[in-house]
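All heavy atoms count here, side chains included; hydrogens, waters and symmetry mates do not. None of the values given here were measured: they were computed from a predicted structure.
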Amino acid sequence: MHVSFDKQAWDAFKSYDRPGPIHMINLLQFHETAAYDDGREIAGAQAYAEYGRLSAPVFQRVGGRIVWRGAFELMMIGPDAATWDLCFIAEYPSVAAFIEMSRDPAYREAVVHRQAAVRNSRLMRTAPIERGTSFASSG
């Protein structure tokens with residue numbers, strides 16, 4: 001299961017700094033019951049909602065915004081067992097904004113709830129490109 005990035009991924013993220021916004025594609029599966037170190041018992045989705053509530057001021061302060069959110073319905077290509085409780089794309093104005101958010105003390109307190117909530121996830125950094133009229137990157 002994949003819940004957080006490792007040092008190598010974090011170093012790669014920081015080293016590839018380029019001008020302009022980044023889009024972070026998030027696919028999340030929640031624990032039925034959140035896995036807190038202190039033993040408290042709430043639903044994983046509820047713990048993630050607490051993460052969202054507490055992290056929102058920091059996310060907004062650094063210029064972040066949600067550009068797309070969707071409800072998973074069906075896996076068309078990929079493992080049948082892969083399902084996602086929440087899917088969204090978060091935009092940050094820069095790599096530096098994401099780093100600033102991750103280092104903020106209030107965000108670090110909030111992320112405890114994310115870690116307890118998430119059973120499995122995917123986080124992909126992408127560069128927004130011009131929308132087109134076909135599946136190809138131009139046209």
Side-chain angles (χ1 to χ4, degrees):
M1 298 296 156
H2 304 277
V3 176
S4 60
F5 41 80
D6 60 22
K7 183 179 177 354
Q8 183 178 0
W10 181 243
D11 289 345
F13 177 88
K14 293 186 304 183
S15 71
Y16 185 50
D17 191 2
R18 57 167 175 71
I22 60 171
H23 282 178
M24 301 295 281
I25 301 171
N26 290 258
L27 304 175
L28 302 160
Q29 296 172 333
F30 301 135
H31 290 290
E32 188 172 321
T33 302
Y36 284 102
D37 290 340
D38 65 10
R40 81 184 96 161
E41 291 191 14
I42 63 171
Q46 185 180 353
Y48 196 82
E50 183 67 1
Y51 161 70
R53 184 183 72 75
L54 295 172
S55 65
V58 181
F59 176 62
Q60 293 164 6
R61 183 179 50 74
V62 301
R65 67 186 187 103
I66 301 300
V67 296
W68 174 85
R69 186 181 327 266
F72 177 84
E73 292 184 332
L74 175 69
M75 183 66 70
M76 297 293 294
I77 298 174
D80 291 340
T83 62
W84 305 102
D85 295 311
L86 183 61
C87 309
F88 66 92
I89 300 173
E91 180 182 83
Y92 298 85
S94 64
V95 169
F98 185 91
I99 293 169
E100 180 184 343
M101 180 187 74
S102 69
R103 292 180 175 162
D104 185 280
Y107 180 80
R108 288 180 178 251
E109 287 182 28
V111 84
V112 168
H113 300 286
R114 183 194 188 282
Q115 295 302 97
V118 176
R119 181 174 63 87
N120 195 11
S121 66
R122 300 295 183 273
L123 179 63
M124 296 161 270
R125 174 180 154 181
T126 66
I129 57 175
E130 188 72 29
R131 293 181 189 175
T133 57
S134 73
F135 297 127
S137 61
S138 62

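The two residues Ala110 and Leu54 have their closest heavy-atom pair at CB-CB, 3.6 Å. Closest approach of Gly64 to Pro93, counting heavy atoms only: N-CD, 4.2 Å. The shortest heavy-atom contact between His113 and Arg40 is CE1-NH1, 3.7 Å. Residues Ala117 and Gly44 share a closest heavy-atom pair of CB-O, 3.1 Å. The shortest heavy-atom contact between Ser121 and Arg114 is OG-NH2, 3.7 Å. The two residues Pro21 and Pro128 make their nearest non-hydrogen contact at O-CD, 3.4 Å.
Interatomic distance, His31 NE2 to Asn120 CG, rounded to the nearest 0.5 Å: 9.0 Å. Interatomic distance, Arg119 CZ to Thr33 OG1, rounded to the nearest 0.5 Å: 12.5 Å. The distance from atom OG of Ser94 to atom CD1 of Ile22, rounded to the nearest 0.5 Å, is 7.5 Å.
Judged by distance alone, the side chain of Asp85 and the main-chain N or O of Phe30 form a donor-acceptor pair under 3.5 Å.
A continuous path of Ile, Leu, Val, Met, Phe, Trp and Tyr side chains, each step under 4.5 Å between heavy atoms, connects Phe59 with Phe88, placing both in one hydrophobic cluster. Leu123 is connected to Val58 through a chain of hydrophobic side-chain contacts under 4.5 Å among Ile, Leu, Val, Met, Phe, Trp and Tyr, so both are in one cluster. Under a hydrophobic-cluster definition in which Ile, Leu, Val, Met, Phe, Trp and Tyr are linked whenever side-chain heavy atoms come within less than 4.5 Å, directly or via other members, Val111 and Ile66 are assigned to the same cluster. Taken together through direct or relayed side-chain contacts under 4.5 Å among Ile, Leu, Val, Met, Phe, Trp and Tyr, Ile42 and Leu86 form parts of separate hydrophobic clusters. Residue Val118 is not grouped with residue Tyr36 when hydrophobic side chains (ILVMFWY) are merged at heavy-atom distances under 4.5 angstrom, including chains of intermediate members.
The side-chain contact (heavy atoms from CB on, under 4.5 Å) check on Arg53 picks up Glu50, with sequence neighbours excluded. Remark: Ala56 engages Gln60 in a side-chain contact (heavy atoms from CB on, under 4.5 Å) (not counting sequence neighbours). Tyr16 is linked by a side-chain contact (heavy atoms from CB on, under 4.5 Å) to Arg18, Arg125, counting only residues two or more places apart in sequence or in another chain. A search for side-chain hydrogen bond (donor to acceptor under 3.5 Å, both in side chains) contacts involving Tyr92 returns nothing, not counting sequence neighbours. Listed by chain and number, the residues in a side-chain contact (heavy atoms from CB on, under 4.5 Å) with Asp17 are Val95 (sequence neighbours excluded).
Between Phe13 and Phe98, the two ring planes are tilted [angle within 30° to 60°]. Using cut-offs of 30° and 60° for the angle between ring planes, the Tyr51 and Tyr107 rings count as perpendicular.
Through side-chain heavy atoms spaced under 4.5 Å, either directly or across other Ile, Leu, Val, Met, Phe, Trp or Tyr residues, Trp84 is tied to Ile25, Leu27, Val67, Trp68, Phe72, Met75, Ile89, Met124.
Within a 6.0 Å sphere centred on CG of Asp6, other residues, nucleotides and ligands contribute more than 12 heavy atoms.
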Starting from the C-alpha separation in whole Å, work towards a yes-or-no answer on side-chain contact (heavy atoms from CB on, under 4.5 Å) for Lys14 and Ile99. CA-CA 8 Å; Lys14 293 186 304 183; Ile99 293 169; 3.5 Å; yes
